[in-house]
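All chains are named by letter (A, B, ...) in the order of the sequence lines, taking the proteins before the strands, and each is independently numbered beginning at 1.
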Number of protein chains: 4
Amino acid sequence: MSRKEAILLAATQLFAKRGFSATPTSAIAKEAGVAEGLIFHYFRTKEGILSNLLNEMTESYLSESRDRMDHCATGLDAIKASIRFHFQFSRDNSEALAVLIRDFPFSVPRGGETLSKLTKDGADRVTHLWEECIDRGKKDGSIRGVPTRETALLLWGMLTGVSRLQILGPIEVPDLTHHIIDFSVRALSGFTEKKGGKAAVLSFSANALLVFS
Amino acid sequence: MSRKEAILLAATQLFAKRGFSATPTSAIAKEAGVAEGLIFHYFRTKEGILSNLLNEMTESYLSESRDRMDHCATGLDAIKASIRFHFQFSRDNSEALAVLIRDFPFSVPRGGETLSKLTKDGADRVTHLWEECIDRGKKDGSIRGVPTRETALLLWGMLTGVSRLQILGPIEVPDLTHHIIDFSVRALSGFTEKKGGKAAVLSFSANALLVFS
Amino acid sequence: MSRKEAILLAATQLFAKRGFSATPTSAIAKEAGVAEGLIFHYFRTKEGILSNLLNEMTESYLSESRDRMDHCATGLDAIKASIRFHFQFSRDNSEALAVLIRDFPFSVPRGGETLSKLTKDGADRVTHLWEECIDRGKKDGSIRGVPTRETALLLWGMLTGVSRLQILGPIEVPDLTHHIIDFSVRALSGFTEKKGGKAAVLSFSANALLVFS
Amino acid sequence: MSRKEAILLAATQLFAKRGFSATPTSAIAKEAGVAEGLIFHYFRTKEGILSNLLNEMTESYLSESRDRMDHCATGLDAIKASIRFHFQFSRDNSEALAVLIRDFPFSVPRGGETLSKLTKDGADRVTHLWEECIDRGKKDGSIRGVPTRETALLLWGMLTGVSRLQILGPIEVPDLTHHIIDFSVRALSGFTEKKGGKAAVLSFSANALLVFS
DNA sequence: AATGAATGAGCCTTCATTCAT
DNA sequence: TATGAATGAAGGCTCATTCAT
């Protein structure tokens, strides 16, 4: 592992545990086993480390996420796969995601130009991904006629909100992957959904009752 | 307005704008028009201000929220009212909520005993509120058989996640109140739902179609 | 007990325990059960409390000390009585003396005019007292021909040094009263000492020999 | 002179003149001609400087003192040498000793663990040294049958008390070295002392008489 | 590439003292 | 006499960043 990588690794762990602004560069240097000056040789500022981390994470999150979506038959399936992936990523890279969720969008003081642009770009690309899924689902009939952008924002907010609870919150939060999938599928699934699943059946019978009452 | 209130007000605005740790007490004093020392006369530490703010907000959020819930006929209605209230509160007190969302649970370095207890208590009470609604809805038939705690956490995560996006996020987020209500109602509503409402009607027709197709 | 006395009492205890400069006036006020402002009503400054305390203590120490000395038959007896009194005073008023020893002569930052004059006067009067004893002893033959001022300073240094060790030092120091008396008597006693005691006998015979040699 | 040494030197001078707690780190930095931050780079706290100073002084005092003692023929000579050394050290390092005497054992607020351990250790080692001399003198007959520990404490108290008077006191105190040596020798010397000196002669003859009486 | 000494601005907090009531 | 809100200067310490080696 190169010294640069050692620094990034140490920074990830410490940012995740204490947060960006509560982590001194001296702590990063010590944890990485390098001199403090080297940090500023590789990354120009402390924010530079964060930029670098966020960049990597965003790329990896987005590309993997897109990968899963591309292998799905319908838009709704893509949504389901994305949710599943999100929480798997959250488990596999919980430290990295903690950084993302803790300090990604906002907590940076005087958000340097670079960093806030990075933030905005990341947000745009993620919501874009969800919008694609939804539009695709609406076309292929797997998703009902929900407003695209609003729903995308809702989903993204839900996932980050729940992950934030899990990773940083003060209470015990179990794995909610399946519940969130069920919840979302019930909320989104369109008319031609053929997959069945308990949810669809239940809805059906519910309304049948209404008809006859 | 007493000087103490002036300090709290100034702190709210500045914490909301810059975040807790990026706001020097000197800035609070200047904004409030008092000597810096007075801050420590009233609140013993900088964290003391935050504790005080969070306490007030949590109490007001919880009591008002419970108030709305108590005037609802069914559990599902209570959920809807709570969601509606959440976003109204978010609009009315956007600065206060920004503090809550930005720094409430987490970003405080070495969260003093008081503060982390406060955080945990707040979290417990909020989730409890949601659990009550859900259980009530399951009893009165307005909510389907979802797991109580998991769903409560999901809802709370969703609301805070979306609010965080709106208040602190780098992208424009419109008012999602109605979409989130629709979304949640579709995901939660039980069989005997009589209230109608657009969502219910839509569901109805959807299934009617299935029957005849 | 008047409020003024309550303040003095509280100050004595706290100064003794923590030292003058480490004791905030707020602590004194709280301990005394009065408002902080009252301290400055009675004594003009924090140093004023100390002045007052030191004044009282010095007066009481000096007048009592002189009292004992006046009832002694010889100068050496007066020395012995003074030493005995010093350690009795030290036991009876250990807190007061702790203040005296800790902060009396020196530790006052920017020693206000009043305070340093007080200090100097106290020192002059104490050494004067010892000098009187010694001169008296030299006249009545109970004390050998030691240099007056030097011996007075030596004795005073010894007493304060040992008390300092006892009261403030990090190690256990037993009561040294009798050892110090013995030590000093051996060092000081003159030829005509009649009181007996091993030391006196030895000295006496010593001179007999001299006469014959 | 390295910057670290410059800091220590400046601190010694200022602590000696004004005392530890009345000396701001900013003053030390200015006096040493370095940035204030550098102080905390080398010593972690302000107390760290003091620890460092006290450590050095204690070591040098103890080792030199022991050195002198080891070259003495008798226990009493060792005592005399130690006293002589104490006041020579006091003259040569009057500033350093001022720090030691002013703030060594006590005046440090909330004496950090390190510091109070240092204090206790120093005290233990010094008294030990004196005890050794006395025991040695009692064995070789140069010191009479005085209680070891009590006498050691007495001597130590006397030396520090007198030095304190000289260095910090409000009155002029001449060099008392020889008087203290005389004083102590008279108080301590044993019967078989052959070295001559007035005191020794007197004691000697004293015993001769006793034999015959 | 790598080190770590050195900087200096800024922060939270303490505290003696004043003053209106 | 008595209160305690209010002040503001000062202090110890942190930390991102620079720079000579």
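The partner of F:dT21 is E:dA2, judged by Watson-Crick or G-U wobble contacts that both fall below 3.5 Å. The partner of E:dC11 is F:dG12, by the rule that a Watson-Crick or G-U pair needs both atom distances under 3.5 Å.
Put simply, NZ on C:Lys46 is 17 Å from C1' on E:dT18, counting in whole angstrom units. Rounded to a whole Å, the CD1 atom of B:Ile49 is 14 Å from the P atom of E:dC11. A straight line from CG of C:Leu115 to P of E:dA16 spans 15 Å, rounded to a whole angstrom. As rounded to whole Å, 18 Å separates atom C1' of F:dT18 from atom CZ of A:Phe43. At whole-Å resolution of the value, NZ in D:Lys30 and C1' in E:dT7 are 17 Å apart. Rounded to whole Å, the distance from CZ on A:Phe40 to C1' on E:dT7 is 13 Å. Between the CZ atom of B:Arg18 and the C1' atom of E:dG10 there is a distance of 13 Å, given to the nearest Å. A straight line from CZ of C:Arg44 to C1' of F:dT1 spans 17 Å, rounded to a whole angstrom.
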If you apply the rule side-chain hydrogen bond (donor to acceptor under 3.5 Å, both in side chains), what do you find for D:Glu36 with D:Ser26, and how did you get there? CA-CA 6 Å; D:Glu36 197 175 350; D:Ser26 61; 4.9 Å; no
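Of the side-chain N and O atoms in C:Ser26, none sit less than 4.0 angstrom from OP1 or OP2 of E:dC15. Between C:Thr25 and the phosphate of E:dA16, there is a side-chain N or O to OP1/OP2 separation shorter than 4.0 Å.
Of all non-hydrogen atoms in A:Ile49 and A:Ala11, the two that sit nearest each other are CG2-CB, 3.6 Å. Across every non-hydrogen atom of A:Val99 and A:Ala16, the tightest pair is CG2-N, 3.6 Å. Between B:Ser51 and B:Leu118, the closest heavy-atom pair is O-CD2, 3.6 Å. Summarising the geometry of A:Ile167 relative to A:Ala98, their closest heavy-atom pair is CG2-CB, 3.5 Å, with the distance given to 0.1 Å. B:Phe40 and B:Thr25 get closest at one heavy-atom pair: CZ-CG2, 3.8 Å.
At a threshold of 4.5 Å between non-hydrogen side-chain atoms, the residues B:Leu9 and B:Glu5 do not count as touching.
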Listing time: all N or O pairs from protein to nucleotides 6-9 of chain F that are below 3.5 Å?
unit_1: F:dA6; atom_1: OP1; unit_2: B:Arg3; atom_2: NE; d: 3.0
unit_1: F:dA6; atom_1: OP2; unit_2: B:Tyr42; atom_2: OH; d: 2.2
unit_1: F:dT7; atom_1: OP2; unit_2: B:Ala35; atom_2: N; d: 3.0

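At a threshold of 4.0 angstrom between heavy atoms, the contacts of A:Thr23 are confined to the sugar-phosphate backbone, with no base atom among them.
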